[in-house]
Q: 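Got a structure here, written out as structure tokens. Questions coming.
Per chain, numbering begins at 1; letters A, B, ... match sequence-line order. The shown structure was predicted, so the numbers you read here are calculated from the model rather than taken from an experiment.
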Amino acid sequence: MNEKFLNPYDPQKTEKINYKLWEESGFFNPDKLPERHQKPFTIIMPPPNANGSLHAGHALFVTLEDLMIRYKRMQGFKTLWVPGADHAGFETQVVYEKKLEKEGRSRFKMDPKELYDEIMQFTLDNKSFMENQVRSLGASCDWSRERFTLEPKIIETVYETFKKLSDDNLLYRGEKLVNWCSKHQTSLSELETDGVDKEDKFYTFQYGPFQIGTTRPETKFGDKYVVMHPDDERYKEYSHGQKIDLEWINGPITATIIKDEAIDMKFGTGAMTITPWHDTADFEIAQRHNLDYEQIIDFYGKLLPIAGPEFEGKNISVAREEIVKKLDEKGLLVKTEESFKHNVKVCYKCNRPIEPQIKAQWFIKTEPLTQKALEAVEKGDIKFVTERHERIFRHWMENIHDWNISRQIIWGIPIPAKICLDCGEGMVDLDDSISKCSKCGGKIEKDKDTFDTWFSSGQWPFATLNFPEGKDFKGFYPTDVMETGHDILFFWVARMIMLGIYCTGEVPFKTIYLHGLVRDAKGKKMSKSVGNVVNPLELSDKYGTDALRMSLLVGNTPGTDMNLSEDKIKAYKKFANKLWNISRFVLDNTKDLNEVDLESEDIKKLINSNSELINLEKTITDITKDLDNFQFHIASEKIYHYIWHEFADKIIEESKEKLDNSETQLILLYILQICLKTLHPFMPFITEEIWKSMPIKNKKLLLIEEWPV
RNA sequence: GGGCGAUUAGCUCAGUUGGUAGAGCAGCGCAUUUACACUGCGAAGGUCGGGGGUUCAAAUCCCUCAUCGCCCACCA
């Protein structure tokens with residue numbers, strides 16, 4: 001009995017040793033792979049946010065990408081998998097703010113530099129912690145090329161892109177309505193807001209001769225335009241531009257009548273007043289008719305002096321009822337409907353209502369970028385797994401708005417620009433050389449804002465490869481596969497495609513594979529507050545990384561959410577043990593074999609004459625095809641099924657009567673080595689460990705053995 | 001208001017060109033001195049959400065309805 005093969009299999013004993021073996025072999029680095037590896041195959045790892053520890057979703061992406069990389073490496077590709085870590089701007093700042101809150105501190109009371117340094121330390125600590133977690137999941141990525149989103153070289157690339165966009169007239173500084181979060185004190189992109197269904201009171205007020213409806217009385221102070229549809233018969237006696245004197249919240253005002261087709265005649269009374277500073281639709285109407293507008297609510301959610309002494313400084317949440325009361329007392333409240341259902345935008349982090357505000361920000365003109373992106377998809381330069389996601393992508397791209405890339409947070413890449421204090425002009429200034437406004441000659445200051453983290457992440461595939469001059473950029477770009485979660489299709493994937501094509505003239509990746517969410521055993525979304533979050537590292541300690549990986553692969557359809565239960569992982573731990581015992585049996589019964597030459601004529605003849613192997617060959621061909629088609633959930637099940645129910649249950653059982661026959665022994669050994677090779681990308685640790693004991697001539701690390709087809 | 005997905009064994013889910021339904025777990029019966037009880041063998045369990053259509057043949061294609069879920073959207 002081979003003393004190494006103690007039953008049961010103990011993953012703890014082998015995983016660290018084998019990872020070290022691989023890492024020290026240098027083969028994670030494409031430049032150090034043997035001669036046969038010529039054609040590049042590249043995956044850029046989606047850099048995990050360095051603000052916590054890995055969750056099940058990370059385990060899934062590491063497993064999927066490592067599977068692809070190991071498969072391609074065995075096939076003889078020059079495989080590069082670039083690991084990285086993301087400073088994750090707003091995301092990390094939110095995490096850190098929560099930490100500060102718990103400690104009774106606030107970022108608004110801190111010196112910006114001090115805050116920045118603290119978050120940097122926090123991020124770097126998390127980063128090194130996470131790197132070890134990625135290692136323990138078996139990731140065969142090239143650590144010598146690891147990147148961090150805040151390193152100088154990356155920032156340099158991001159700045160060059162900012163400049164290029166400006167030079168190409170695709171960047172502008174605009175006073176536009178932005179999504180403002182009063183808690184986080186920053187503007188947010190469309191994607192960083194959620195829409196929630198809410199029931200609010202719906203008020204109808206008497207506004208001169210009109211009745212107007214609103215859910216937000218607190219914004220109505222500045223309303224001096226009343227808008228109706230030009231075709232509305234009810235209001236045909238009133239003309240566009242006509243002035244009307246009327247009594248309003250704080251006394252008499254003069255209102256102007258505006259006719260605009262955006263008005264829905266069927267809604268309410270068909271007349272409404274507008275608050276352009278705090279409402280997107282109103283803003284557009286105001287722009288169309290060149291109306292003036294005023295800010296009513298400040299950036300902290302409090303009413304400004306325009307609300308009058310009675311209301312100034314009051315928080316809008318308390319002011320609402322008071323305003324209604326006042327209007328009611330004045331006899332201007334017509335009616336109150338208790339439950340009006342509508343959709344309200346909230347901050348995706350704190351769920352507080354978004355307060356639209358007009359603010360000067362940097363915007364990217366997206367249309368020219370989306371056109372090229374759509375063309376690339378049309379031509380097939382980028383393929384989506386799955387097709388469904390391609391349709392979702394196209395639809396979004398065809399309806400995209402300009403992209404606000406300014407954020408009022410400290411944690412991120414500073415925007416290299418100057419802003420004129422007099423005229424508000426924004427000037428891109430990479431080398432800090434501009435000293436007065438280029439437009440009016442006025443005084444300037446440095447832009448205090450930072451980039452939306454997705455603006456820099458969107459350049460990740462070429463920035464990590466040292467665009468434009470780097471050796472890696474020339475050797476490995478465009479990359480082959482981008483694998484990431486479908487939840488960041490718009491945030492990240494779309495931006496990578498847009499900016500990748502724009503900056504390099506080529507697509508950033510040829511295939512985009514999207515995985516779904518990992519949910520708990522019952523299909524519930526994992527969340528810290530619910531307490532159903534699984535820690536992948538604990539699971540891999542308990543059942544072995546190979547078992548965890550297998551459970552994340554089998555039956556996990558591309559692009560679809562999956563449920564992960566401990567029972568499922570347990571099942572693959574049993575499978576690992578089964579394989580361990582299969583190997584023990586085969587190796588025990590082939591003790592007399594030594595340095596078997598798989599290339600020899602004798603072996604080849606034996607194999608060709610053996611009918612049991614037809615099924616093996618077919619299985620391996622199928623699995624290869626499945627892997628090429630990104631059907632990992634099928635491939636993993638097939639190799640599982642073959643090893644257990646064909647090799648163990650049938651071939652080994654039937655061999656027991658003729659084990660003294662050397663042909664039988666050779667066949668068993670032959671099948672085992674094929675199985676180990678095929679299974680390696682799925683379950684790298686146990687297969688490498690068994691491989692060490694295989695009596696095969698010219699054996700290499702299983703990591704770089706040839707894929708069996 | 002649009003778009004998308006799901007509905008298959010008690011539970012969680014696979015099923016890629018249409019050809020007699022699969023896995024894991026749970027449960028049932030039998031088996032234990034030699035690879036493995038983290039096991040083997042056997043049996044049981046589904047009118048593939050409802051209805052209609054195309055076809056020699058539909059879980060698979062088309063239409064429709066129902067329930068659940070997700071995404072997108074500036075109707076006060």
Q: Distance between the P atoms of B:G69 and B:U8, in whole angstroms?
A: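 Roughly 16 Å separates the two P atoms.
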
Q: Taking NZ, NE, NH1 and NH2 as the nitrogens, is one of them in A:Lys618 or A:Asp622 under 4.0 Å from a carboxylate oxygen of the other?
A: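 Here A:Lys618 pairs with A:Asp622 in a salt bridge, since their nearest N and O are under 4.0 Å apart.
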
Q: Quote, to the nearest angstrom, the P distance that separates B:A59 from B:G18.
A: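 The answer is 13 Å between these two P atoms.
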
Q: Rounded to whole angstrom units, what separation is found between the CG atom of A:Asp649 and the C1' atom of B:G42?
A: 13 Å

Q: What I want to find out is whether A:Glu261 reaches A:Arg288 closely enough, with some N-O distance under 4.0 Å, to be called a salt bridge.
A: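 A salt bridge is absent here (no side-chain N lies under 4.0 Å from a carboxylate O).
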
Q: Figure out the NZ/P separation between A:Lys341 and B:A73, and round it to whole Å.
A: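 Taking atom P of B:A73 as the reference, NZ of A:Lys341 is at 22 Å.
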
Q: When you compare B:C25 with B:C63, how far apart are their C1' atoms, in angstrom units rounded to a whole number?
A: 38 Å

Q: Would A:Arg394 and A:Glu378 pass as an ion pair if we require N to O under 4.0 Å?
A: yes

Q: Do A:Glu91 and A:Lys349 sit within salt-bridge range, that is, some charged N less than 4.0 Å from a carboxylate O?
A: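 Salt bridge flag = yes for A:Lys349 with A:Glu91.
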
Q: With the side chain of A:Arg388 defined as its heavy atoms from C-beta on, choose the nearest nucleotide among B:U16, B:C4, B:A76.
A: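 Ranking B:U16, B:C4, B:A76 by closest atom to the A:Arg388 side chain puts B:C4 first.
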
Q: Tell me whether A:Lys224 is salt-bridged to A:Asp292, with the criterion being a basic N under 4.0 Å from an acidic carboxylate O.
A: yes

Q: Of the nucleotides B:G15, B:C75, B:A73, which has the atom closest to the A:Ile634 side chain?
A: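 The answer is B:G15, which lies nearest to the side chain.
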
Q: Restricting both atoms to N or O, compile the protein contacts to nucleotides 23-25 of chain B shorter than 3.5 Å, with distance only.
A:
{"from": "B:A23", "atom 1": "O4'", "to": "A:Glu637", "atom 2": "OE2", "distance (Å)": "3.4"}
{"from": "B:C25", "atom 1": "OP1", "to": "A:Lys574", "atom 2": "NZ", "distance (Å)": "3.0"}
{"from": "B:C25", "atom 1": "O2'", "to": "A:Asp567", "atom 2": "OD2", "distance (Å)": "3.1"}

Q: Looking only at the side chain of A:Asp626 (C-beta and beyond, no hydrogens), which of the listed nucleotides B:G5, B:U16, B:C71 gets closest?
A: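 From the listed options, B:U16 comes nearest.
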
Q: Taking the side chain of A:Arg584 as heavy atoms from C-beta outward, which of B:A76, B:C74, B:A35 is closest to it?
A: B:A35

Q: Between B:A76, B:C36, B:G15, which nucleotide gets closest to the side-chain atoms of A:Ile263?
A: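 Ranking B:A76, B:C36, B:G15 by closest atom to the A:Ile263 side chain puts B:A76 first.
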
Q: A:Tyr640 and A:Phe682: aromatic ring centres closer than 6.0 Å?
A: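 They do not qualify: ring centres at least 6.0 Å apart.
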
Q: Would A:Lys570 and A:Asp567 pass as an ion pair if we require N to O under 4.0 Å?
A: yes

Q: Among the nucleotides B:C38, B:A35, B:C74, which one has an atom lying closest to any side-chain atom of A:Thr280?
A: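 So the nucleotide nearest the side chain must be B:C74.
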
Q: Nearest of B:C74, B:G40, B:G15 to any side-chain atom of A:Thr557?
A: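 Ranking B:C74, B:G40, B:G15 by closest atom to the A:Thr557 side chain puts B:G15 first.
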
Q: Give the nucleotide from the list B:C38, B:G5, B:A76 with an atom nearest to the side chain of A:Arg391.
A: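 Within the option list, the nearest is B:G5.
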
Q: Using heavy atoms to find the nearest nucleotide of RNA chain B for A:Thr560 and A:Lys656 separately, return the residue whose nucleotide is more 5′.
A: A:Thr560

Q: Rounded to whole angstrom, note down the C1' distance from B:C48 over to B:C61.
A: 16 Å

Q: Which nucleotide in the set B:A35, B:C72, B:A14 lies at the smallest distance from any side-chain heavy atom of A:Lys578?
A: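 Looking only at side-chain atoms, A:Lys578 lies closest to B:A35.
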
Q: With RNA chain B as reference, determine whether A:Val586 or A:Pro558 sits nearer its 5' end, using the nearest nucleotide of each.
A: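 Its nearest nucleotide lies further toward 5', so the answer is A:Pro558.
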
Q: Looking at A:Glu190 and A:Lys345, does any basic side-chain N land under 4.0 Å from a carboxylate oxygen?
A: yes

Q: Report which part of the nucleic acid A:Leu489 touches: base, sugar-phosphate, or nothing (heavy-atom distance under 4.0 Å, all strands).
A: nothing

Q: Between the base of B:A35 and the side chain of A:Glu653, is one N or O donor paired with an acceptor at under 3.5 angstrom?
A: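 Present.
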
